[in-house]
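Below is one structure, written out as structure tokens, with a few remarks after it.
Keep in mind it's a predicted model, so treat the numbers as computed, not measured. Each chain gets a letter, A, B and so on, in the order its sequence line appears, and its residues count up from 1.
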Protein chains: 2
Amino acid sequence: MTRDLPPALAENVGFLLSITSARSVAMANAALVPLGLKARGYTALSLVAASDGMSQRDIAEALRMDPSQVVALIDTLEGKGLVERRPHPGDRRLRSVVATPEGHRVRKKAAKVIKDSVSALLTDFTEEERTVLHGMLTRLATGRTTTPA
Amino acid sequence: MTRDLPPALAENVGFLLSITSARSVAMANAALVPLGLKARGYTALSLVAASDGMSQRDIAEALRMDPSQVVALIDTLEGKGLVERRPHPGDRRLRSVVATPEGHRVRKKAAKVIKDSVSALLTDFTEEERTVLHGMLTRLATGRTTTPA
DNA sequence: TATTGTTATACTCTATAACTATA
DNA sequence: TATAGTTATAGAGTATAACAATA
């Protein structure tokens with residue numbers, strides 16, 4: 001998958017970011033097909049699995065999504081038996097979303113699949129280059145000037 | 001615009017790419033509002049303006065879009081008087097898309113606006129860091145192992 | 001036969017407003 | 001009155017199939 005860039009686009013950082021992101025999502029989605037997940041679902045699952053219960057509002061903020069989109073996303077994961085909505089003790093407005101045991105198992109398998117997918121995207125990037133890229137993307141994603149200590 | 005990343009997402013390169021790209025597009029779109037353009041339209045305009053006429057198929061391939069999407073995109077630019085569809089001499093199946101004088105003027109203004117927008121995205125990246133990032137994104141966007149000489 | 005441009009269609013993603021139940 | 005979840009809806013973006021004109 002190598003394609004030339006027209007000179008008029010080669011300097012366009014925004015365009016490069018867009019198609020790189022699209023490529024990354026497409027590769028991740030393809031890799032996750034056997035597990036019945038897509039990139040967004042994997043991200044949400046890994047987020048929830050690392051917590052001891054998250055409100056959908058917190059999920060929305062972490063994933064940079066509108067709360068209304070989170071409903072369908074969690075519906076899908078819940079339909080696959082990967083997460084559960086539980087009543088929140090103390091505030092009955094909240095739903096505490098937690099990963100099921102099956103959700104933890106699938107997340108672990110998916111993490112390996114995604115690791116390989118990223119490896120394929122970063123083919124022939126050295127370890128140092130990967131670290132540099134990761135640091136830069138972290139700064140860009142958070143809008144933070146410097147990586148916090 | 002600084003927001004923390006949950007630890008579960010901080011290592012997710014694909015997620016970082018996605019939200020960085022979304023941020024970049026949002027910033028570019030906002031900056032282009034006064035010119036009546038969006039990021040995609042600017043990219044297409046700059047591509048066409050750098051050529052002496054492109055078929056819509058060539059535009060689709062350069063922009064990584066489906067040819068059917070290019071129709072609406074060029075319709076929009078043509079409606080604003082920024083590009084023209086001309087018959088292609090020699091092959092009557094082709095439409096040669098070229099930038100109008102007004103298209104060239106708008107493209108020039110837009111390029112400045114986009115330059116500032118990218119500058120805002122890359123706030124406090126050094127010149128060297130910008131060069132490194134650009135080189136990495138070029139490799140990732142084209143799927144090419146090394147930057148061609 | 002194959003290709004360009006085009007239309008139609010559908011599916012995903014995203015964004016907004018409004019409703020309900022709780023607080 | 002304010003907030004969490006939800007629903008409905010509409011707008012982008014993307015992908016596929018099919019058709020007319022032309023090669």
Side-chain angles (χ1 to χ4, degrees), chain A residues 14-15 17-19 21-30 32-33 36-44 48 53-79 83-98, chain B residues 14-15 17-19 21-30 32-33 36-44 48 53-79 83-98:
Chain A
F15 177 70
L17 262 174
S18 288
I19 63 180
S21 170
R23 224 184 128 216
S24 165
V25 171
M27 290 172 71
N29 284 348
L32 287 170
V33 165
L37 281 176
K38 299 180 72 172
R40 223 351 102 46
Y42 164 70
T43 304
V48 167
M54 290 184 71
S55 75
Q56 295 184 189
R57 159 173 276 269
D58 287 343
I59 295 171
E61 188 178 357
L63 262 37
R64 266 74 164 171
M65 297 171 68
D66 191 88
S68 67
Q69 299 173 244
V70 175
V71 176
L73 182 57
I74 299 303
D75 279 351
T76 302
L77 295 177
E78 195 170 35
V83 304
E84 267 181 19
R85 281 189 251 234
R86 294 186 186 161
H88 187 283
D91 189 336
R92 281 189 295 176
R93 289 176 305 183
L94 306 191
R95 325 288 302 268
S96 185
V97 181
V98 298
Chain B
F15 176 71
L17 262 174
S18 289
I19 63 181
S21 170
R23 227 186 125 211
S24 166
V25 172
M27 290 173 71
N29 284 347
L32 287 170
V33 165
L37 282 175
K38 298 181 73 173
R40 229 340 112 46
Y42 164 70
T43 304
V48 167
M54 290 183 70
S55 75
Q56 296 184 186
R57 160 171 277 271
D58 287 343
I59 295 172
E61 187 178 359
L63 263 37
R64 268 73 166 171
M65 294 170 70
D66 191 89
S68 67
Q69 299 172 243
V70 175
V71 178
L73 183 57
I74 299 303
D75 279 352
T76 301
L77 294 176
E78 196 170 36
V83 304
E84 267 180 21
R85 280 187 251 233
R86 294 186 186 159
H88 188 281
D91 190 335
R92 282 188 296 175
R93 288 175 305 183
L94 307 190
R95 325 288 301 268
S96 185
V97 181
V98 298

_Whole angstrom value for the distance that separates C1' of C/dG5 from CZ of B/Arg86_ = 18 Å

_Between D/dT6 (P) and A/Asp75 (CG): distance, integer Å_ = 7 Å

*Do B/Ser55 and B/Val97 have side chains that get closer than 4.5 Å, going by heavy atoms?*
no

*Using atom types as modelled and distance alone, determine if a side-chain donor or acceptor of B/Ser21 lies under 3.5 Å from a backbone N or O of B/Leu17.*
no

*asked:* Expressed as a whole number of angstroms, how long is the span from B/Leu94:CG to C/dA2:P?
replied: 18 Å

*Please step through side chain to side chain contact (heavy atoms under 4.5 Å, CB included) for the pair B/Thr43 and B/Leu63, ending with a clear verdict.*
CA-CA 8 Å; B/Thr43 304; B/Leu63 263 37; 4.0 Å; yes

*Please state how far atom CG in A/Leu73 lies from atom C1' in D/dT7, giving the value in whole angstrom units.*
16 Å

*Given atom CZ of B/Arg23 and atom P of C/dT14, what is their separation to the nearest angstrom?*
17 Å

*Specify the angle, to 10°, made by the local axes at the two ends of the helix from C/dT1-D/dA23 to C/dA23-D/dT1 when five pairs are taken at each end.*
10°

*Rounded to whole angstroms, how far apart are CZ on B/Arg95 and P on D/dT22?*
11 Å

*Once you round it to whole Å, what is the distance between P of D/dT3 and CG of A/Asp58?*
14 Å

Please list, for nucleotides 14-18 of chain D, all pairs of protein and nucleotide N/O atoms separated by less than 3.5 Å.
{"residue": "D/dT14", "atom": "OP2", "partner": "B/Arg40", "partner atom": "NH1", "Å": "2.8"}
{"residue": "D/dT14", "atom": "OP2", "partner": "B/Arg40", "partner atom": "NH2", "Å": "3.4"}
{"residue": "D/dT16", "atom": "O4", "partner": "B/Ser68", "partner atom": "OG", "Å": "2.8"}

*In whole angstrom, give the distance that lies between atom CG of A/Leu63 and atom C1' of C/dT14.*
14 Å

*asked:* Between A/Gln69 and A/Asp66 (side chain of the first, backbone of the second, donor and acceptor by atom type, cut-off under 3.5 Å), is there such a pair?
replied: yes

*Give the B/S/- string for nucleotides 18-23 of chain C, one per nucleotide from 5' to 3', where a protein heavy atom under 4.0 Å of the base yields B, of only the sugar-phosphate yields S, and otherwise -.*
----BS

